[in-house]
Amino acid sequence: QVQLVESGGGLVQAGESLRLSCAASGRTFSSYAMGWFRQAPGKEREFVATISWSGGSTSYADSVKGRFTISRDNAKNTVYLQMDSLKLEDTAVYYCARRQSRTYSVHAGEYDYWGQGTQVTVSS
């Protein structure tokens with residue numbers, strides 16, 4: 001059983017930064033791609049960023065490109081999401097997820113394990 005635990009969310013003002021972390025249990029973390037998704041109130045869950053097993057390939061939603069950076073530390077079984085220049089519209093619950101493949105995907109349906117989520121609130 002894989003467990004994913006997100007942390008690092010909080011309340012910040014527009015323009016500030018946050019770094020989310022997602023710690024994974026299990027010894028096979030480094031074999032799989034990981035992703036970050038978010039869900040705002042009243043909206044569907046949407047793709048944010050994804051990273052391949054080695055960290056060599058990444059992809060971002062257009063809405064966060066240039067502001068967010070996904071990275072991973074396989075020695076620590078952790079994936080990160082550095083969020084800079086936060087905007088009001090970034091307010092959401094952020095989820096990390098694992099895909100049982102070495103290659104990344106932007107589709108939520110292709111991820112098999114999900115964390116419980118961490119709230120990010122951006123105020124003006």
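Quick note: numbers below take in every heavy atom, side chains included, and nothing from hydrogens, waters or symmetry partners.
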Linked, directly or transitively: Val48 and Val120 (ILVMFWY side chains, under 4.5 Å)
yes
Any side-chain heavy atom of Tyr95 sitting closer than 4.5 Å to one from Gln39?
yes
Within 6.0 angstrom of Lys43 NZ, more than 12 heavy atoms from elsewhere
no
Only counting residues at least two apart or in another chain, list the ones meeting salt bridge (charged side-chain N to carboxylate O under 4.0 Å, His left out) with Glu46.
Arg38
Are Val79 and Val2 in one and the same hydrophobic cluster, where Ile, Leu, Val, Met, Phe, Trp and Tyr link if side-chain heavy atoms are under 4.5 Å apart?
yes
Over all atoms of both residues, closest heavy-atom pair of Gln82 and Ser17
NE2-CB, 3.9 Å
Not counting sequence neighbours, which residues clear salt bridge (charged side-chain N to carboxylate O under 4.0 Å, His left out) with Arg72? List them please.
none
Over all heavy atoms of both residues, which pair between Ala40 and Ala92 is shortest? Give the atoms and the distance, please.
N-CB, 3.8 Å
Atom CD of residue position Gln116 - does it have more than 12 heavy atoms of other residues, nucleotides or ligands inside 6.0 Å?
yes
Any non-hydrogen side-chain atom of Lys76 less than 4.5 Å from a side-chain atom of Phe29?
no
If we only count heavy atoms from C-beta on, is the Thr50 to Tyr111 side-chain gap below 4.5 Å?
yes
Looking at Lys87 and Asp90, does any basic side-chain N land under 4.0 Å from a carboxylate oxygen?
no
Has Ser57 got a side-chain atom pairing as donor or acceptor with Ser52's backbone, closer than 3.5 angstrom?
no
How about Trp114 and Phe37: are their ring centroids closer than 6.0 Å?
yes
Connected via hydrophobic side-chain network under 4.5 Å: Val12 and Leu20:
yes
Could you walk me through whether Gln100 and Thr28 pass side chain to side chain contact (heavy atoms under 4.5 Å, CB included), step by step?
CA-CA 10 Å; Gln100 197 169 354; Thr28 59; over 6 Å; no
Would you say the side chain of Leu81 lies within less than 4.5 Å of the side chain of Phe68, judging by non-hydrogen atoms?
yes
Any donor-acceptor N/O pair, Thr91 side chain to Val122 backbone, under 3.5 Å
yes
Measure the CE-CG distance between Met34 and Asn77 for me, rounded to the nearest 0.5 Å.
9.5 Å
Rounding to 0.5 Å, atoms CZ (Arg19) and OG1 (Thr69) come to a distance of 11.5 Å
Any side-chain donor near an acceptor of the partner, Arg99 and Thr103, under 3.5 Å:
yes
Is it the case that the side chain of Tyr60 and the backbone of Ile70 share a donor-acceptor pair, with hydrogens and angles ignored and the cut-off at 3.5 Å?
yes
Under a single-linkage definition using a 4.5 Å side-chain heavy-atom cutoff for Ile, Leu, Val, Met, Phe, Trp and Tyr, are Val64 and Tyr104 assigned to the same hydrophobic cluster?
no
Look up atom CG in Leu88 and atom OG in Ser124, then write down how far apart they are to the nearest 0.5 Å.
5.5 Å
Is Glu6 reaching over with its side chain to a backbone N or O of Gly117, donor-acceptor style, under 3.5 angstrom?
yes
Looking at Arg67 and Ser85, would you say the former's side chain and the latter's main chain have a donor-acceptor pair under 3.5 Å?
yes
Within a reach of under 6.0 Å around CD of Glu44, are more than 12 heavy atoms found that belong to other residues, nucleotides or ligands?
no
